[in-house]
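Heads up: the structure comes next, in structure tokens.
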Amino acid sequence: MAMEKNFTPAEAEARISALWILQKVGAAGANKKPGRPAFSVMIPPPNVTGSLHMGHAFNNTLQDILVRWHRMQGDDTLWQVGTDHAGIATQMVVERELALTQQPTRREMGREAFLAKVWEWKEQSGGTIINQLKRLGASCDWDREAFTMSGNFPDAVTKVFVDMYNKGLIYRGKRLVNWDPHFETAISDLEVENTEVAGHMWHFKYRLAGGESYEYIEKDETGAVTLREMRDYISIATTRPETMLGDGAVAVHPSDTRYAPIIGKMVHLPLCDRLIPIITDEYPDPTFGSGAVKITGAHDFNDYAVAKRANLPCYRLLDTRAAMRADGAPYEVAVARARAIAAGAPTSEAEVDALNLVPEKYRGLDRLEARAQVVADITAAGLAVTVLVKEIDEETGSEHLRLEPVVEAKKIMQPFGDRSKVVIEPMLTDQWFVDTSKIVGPALEAVRTGATRIMPESGEKTYFHWLENIEPWCISRQLWWGHQIPVWYGPKIAAIGFAEIGARVPFCAASEKEAEKAALDYYSAFYGSDVNIRFTEFKAGPEPTQRDLEIGRPRRTANLPIDTTEGAFIEIYRDPDVLDTWFSSGLWPIGTLGWPEQTPELQTYFPTSTLITGSDIIFFWVARMMMMQLAVLDQTLPLEKRVPFKDVYLHGLVRDAKGKKMSKSLGNVVDPLDAINEFGADALRFTNAAMASMGGVLKYDPARIAGYRNFGTKLWNACRFAEMNGVWDGHQTQTGAPKASQTANLWIMGEAAKTLTEVNGALAAYRFDTAADALYKFVWGRVCDWYVEFAKPLFDGPHAAETRQTMAWVLDQCMILLHPFTPFITEELWATTGARTTLLVHQDWPTYGPALIDAASDAEMAWVTTLIDEVRSARAQVHVPVGLKIDIVATTLTPQARTAWARNEALIRRLARIETLTEGPAPKGSITLAAPGATFAIPLAGLIDIAEEKSRLTKTLDKLSKEIAGLNGRLTNPNFAASAPEEVVEEARTNLGARQDEAAKLRAALARLAEIG
RNA sequence: GGGCGGUUAGCUCAGCGGUAGAGCACUACGUUGACAUCGUAGUGGCCACUGGUUCGAUCCCAGUACCGCCCACCA
């Protein structure tokens, strides 16, 4: 049956993919050979509700190339596949879906029902991306598909949390964190995107208490006084006027002489009936603004640090949706209590947090509304730095002047949630943190010592830079979809029968049962062994122990009574928060291998060999995997046994052809499935490999994919030609190279060997582009362009049999070597040609080496191809029709050249379209070309334009003399001979000789032309 | 502000201490025993700029300019 003219990806890929899956070709250890090492790769788990985009296609292509390459080599190969539950992202998708289908909201249906919905959604859409990966040709072990919320994963996550908690690596605390008002959860620093936006800066006057005033003196650099005036206020600047309601102080730099007279004095906080002190701190920059900074501890990271240093109260002004708080006691009550606290009344963190110091008129307002209102009110109170503006009444036409607050337009960096895209608020809340400073050491050491290698090197620098400046990692999220934090809380016993107000005892345990046990241990120490524990639901709102903590109420009792009568229960409840997705992702390599059980898979495949991932998640994922696993695995093991992976390959982000980020709104998204449908998965894969130079941005150009689709077609047709000529008839797949004697056959085998070496070297160095390039050049540039053409005459000659054998072998090599890159078309070709005993996917990767390279054949074929090139070039330049066969005269011919000609005459004559060769002097009116060891004349009297030939020769001579001049210049420089390595000098000399020889011949030809012309 | 990277053909990018390569695009010719998703031959580059090291620099070093990315709390 004759082969089709083209490979049909749509039909063949589906069929082959099904076959691979059915035969479990990607199963762990498939095709493994004795004595070979393990090779394991963990897929970066895509979001379970996600779908394949170009980044995935790229990333997974590289993984598959490596995995197939190792599997063919007989390594014990595992490519672990799976998906991530992706907390925020998934919850967002499901909530959006609920809204779209007019179902009850998350809060309306409650936690349990909502989680059921998410699981439902996961079951329904969770397979999408996995199926898309199959279309790409990914050869994962599909039977081992993992999910971060299934199987042993939740247990592993819990165990790690408990272990880290017990080691003091995880702690809970009230800290200023990044708060996402849309999702109403804390997020980590990494989930915040800082973007420059147009903002404004306002200037307010905070009046000194008691009507005091001072002399305000400004000086320039030379110390000359530039301004001197009496002031009864201090001027502050802010981009967030609404937060002034929570100010705890005004800070100035200790060296700032302008404010020296008023340090320690109190100022009136506008709109607030409160006095706050002027304090000093290193933070304010005297050269910026007025040099005085309002300190709002609860709503700004810098201010928070200042407030901590100065022991200032941090008054929270915003609710979880970032509107002005409307909870708690009336403003009058709150402010009275705040004054008392300022005056030194004892208080607690919990009480300060409960105080709502937002005046009634602002309560419940959105941030921006509140901002406008505050500015208006301060302006009305005459406390804004203002400017006079002229205003025209449109009705009466009368003009009047109006005071307007000075508003400076200013670019400000504003934080946005990377998922929600809303403005993030610093918020003072209780959260769980990983004390990263305690676990960063081994992660740094592992890379420093080379136990883990990060490529490219710049990625290593980024890694170090981040880890060396690491901040605590906020791991709790106020979400529902995720791993719930394994901590239960109960009342803290202050004295028998009493619980301490605002305090709780945490019981961190791997299960409810163990939590109960821990609680029993704690409470029985006070009440004996007959205490009863009851699990209750966490109730949103203030802590139960705060219910008596009314504002302003004298704190007579520090404790609350606990009912410990017989039969009563002590209630404990589980922390409602879930863990950051990346906490569980951080355990991906060990978790998927069955940890904490010591499974055989863990023994065999851990540490994993290579992680291939985008450079954008080096912090999110790579660094955290390093830190967590090194902290969690048996510390007696050496670092090399604990690192999650030996090599990390970081690649750039995928962009469109112009380098723009792909986005739906820009309409420049290249959907990998579209590309696969149009060009085939192989074409997309080869494009991915060819683009994969280290670092930088990856620009997708569909034209490039089309080009590599053509490459597949090219190979297909070379095989079709071979098949038509029966090269595989009776052919068994050869492990060794065939015996051959014909130069072209020997040469092409050597080329295959060179290509193998190059591909092996390139892949070992993760240079997928170099490997792809080598294969492209070999298959198209050597096999198709030359060898197939040589084979045509050879098939009719005495070497027909060995040529058929060689061609079968060479094309087999093309399929094998290309298979990791373009698995579908090669598998199809493999099945279509020859008698095969195994699928190509499990064919052995060749091991032949330089022994296959025959230097004499190489040199001879170089001579042949050069000669053919020159004849073709000359013919084209003087416009000899391609169809016309010409005669050629050898005017000089060394014995070696004569042999080379004789042995390859059929090839040369066919490809250069030469009728006959004679020896003798150059006939009149011929063009001349010079090959090493030979000069040829092509008699073309009457066919060519003498002038054209002259100009051709002159042009060539010009080029030559330039080269000669350069070489001469070098060789005549005495320093060159003295300093340059021997072989470089020798090479230059040889080159010079050859060029001069060539030039001499051409000059002679030119002279001859001059005679006739 | 800190860090990292880039600047090579019209475009997208390799490369390397010995005066430059690929693919695409472009031009001319072409149905030559597989392939027009093709073939043959071409056009096209002071390798950003300025210094330095060197016998020799596109390559190494320093600086400049421009571009990009990451991180960052200037109210």
Side-chain angles (χ1 to χ4, degrees), chain A residues 3 5-7 189-190 194 201 236-240 251 283-285 287-296 300-305 410 412-413 415 426 456-459 461-462 465-466 469 615-616 618-619 652-653 657-659 679 683 690-691 693 695-697 699-701 703-704 706-725 767 769-770 773 776-777 781 784-785 788-789 791-793 795-796 869 872-877 879 881-883 885 910-911 913 962-963 966-967 969-970 973-981 984-985 987-988 991:
Chain A
M3 282 170 69
K5 225 173 153 181
N6 286 311
F7 174 64
D189 302 349
L190 291 179
N194 290 302
M201 193 153 77
I236 59 98
T238 181
T239 54
R240 305 227 24 207
Y283 162 61
D285 175 359
T287 65
F288 184 84
S290 69
V293 185
K294 67 190 220 30
I295 301 299
T296 318
D300 183 282
F301 285 99
N302 288 313
D303 293 5
Y304 182 67
K410 192 176 184 309
I412 54 172
M413 288 303 265
E457 214 178 310
S458 61
K461 287 180 186 164
T462 312
H465 189 256
W466 189 68
N469 299 287
S615 52
D616 53 331
I618 180 167
F619 308 136
L653 260 56
K658 289 176 194 145
F679 304 112
M691 285 198 314
S693 59
V697 171
K699 290 178 191 163
Y700 254 97
D701 187 353
R704 202 160 172 189
Y708 291 124
R709 182 266 324 267
N710 299 354
F711 174 58
T713 307
K714 189 75 183 173
L715 172 68
W716 180 268
N717 278 292
C719 291
R720 182 162 170 261
F721 167 78
E723 211 266 340
M724 286 165 80
N725 282 279
R767 289 306 305 260
D769 57 332
T770 310
D773 192 51
Y776 189 95
K777 287 199 167 95
C784 293
D785 285 351
V788 169
E789 295 306 322
K792 287 170 184 174
F795 282 159
D796 296 333
D869 278 341
R872 281 171 167 176
S873 181
R875 289 174 56 127
Q877 282 177 67
H879 303 120
V882 177
K885 292 199 173 181
R910 186 185 179 95
L911 296 200
R913 302 195 70 74
K962 245 176 141 181
E963 278 184 67
L967 288 162
R970 261 197 278 165
N973 182 343
N975 288 326
F976 176 65
S979 323
V984 172
V985 179
E987 196 195 332
N991 276 341

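In what follows, chains carry the letters A, B, and so on, assigned in the order in which the sequence lines appear, proteins first and then strands, with residues in each chain numbered from 1. The structure presented is a predicted model; accordingly, all values stated were derived computationally and were not measured.
Contacts of A/G707 with the nucleic acid, taken as non-hydrogen atoms under 4.0 Å apart, are absent. Across all strands, A/R720 comes closer than 4.0 Å only to sugar-phosphate atoms, never to a base (heavy-atom distances). Using a 4.0 Å heavy-atom criterion, one finds that A/A978 contacts no nucleic acid atom at all. Note on A/G781: nothing from the nucleic acid sits closer than 4.0 angstrom, heavy atoms only. Contact annotation for A/K294: no contact, since no heavy-atom pair falls under 4.0 Å across all strands. In this structure, A/R872 reaches the sugar-phosphate backbone alone: every heavy-atom distance under 4.0 Å involves primed, P, OP1 or OP2 atoms, never a base. Backbone-only engagement by A/K410 is indicated by non-hydrogen atom pairs under 4.0 Å involving sugar-phosphate atoms exclusively. Contacts of A/D796 with the nucleic acid, taken as non-hydrogen atoms under 4.0 Å apart, include base atoms. In this structure, A/D285 reaches the bases: a heavy-atom distance under 4.0 Å links it to at least one base atom across the strands shown.
In this structure, B/rU7 and B/rA65 make a Watson-Crick or G-U wobble pair, each of the two defining distances being under 3.5 angstrom. Across all strands shown, nothing is found opposite B/rA20 as a Watson-Crick or G-U wobble partner with both distances under 3.5 Å. Pairing partner, B/rC74: none, since no Watson-Crick or wobble contact has both distances short of 3.5 Å. For B/rC35, there is no paired base (Watson-Crick or G-U wobble, both distances below 3.5 Å). Summarising the base pairing, B/rG45 is matched to no nucleotide, lacking a Watson-Crick or G-U wobble pair whose two defining distances lie under 3.5 Å. With a cut-off of 3.5 Å on both Watson-Crick or G-U wobble distances, the partner of B/rA28 is given as B/rU40.
Under 3.5 Å, the side chain of A/R709 and the base of B/rU37 form at least one donor-acceptor pair of N or O atoms.
Taking both residues in full, the closest heavy atoms of A/R970 and A/F976 are given as O-CB, 3.1 Å, listed atom of the first, atom of the second, then distance. Contact between A/R720 and A/M3 at its shortest, heavy atoms only, is NE-O, 3.3 Å.
For an aromatic pair to be called close, the ring centres must be under 6.0 Å apart, and A/Y776 with A/Y708 satisfies this.
Each of B/rC35, B/rC55, B/rU37 was ranked by its minimum atom distance to the side chain of A/N717; first place goes to B/rC35.
B/rC11 atom P lies 19 Å from atom CE of A/M691, rounded to whole Å. Per the geometry, CD belonging to A/E789 stands 11 Å off P belonging to B/rC35, to the nearest Å.
Across B/rA34 and B/rC16, the matching P atoms stand 40 Å from one another, rounded to whole Å. Here, B/rC73 and B/rU58 have their P atoms 43 Å apart, quoted to the whole Å.
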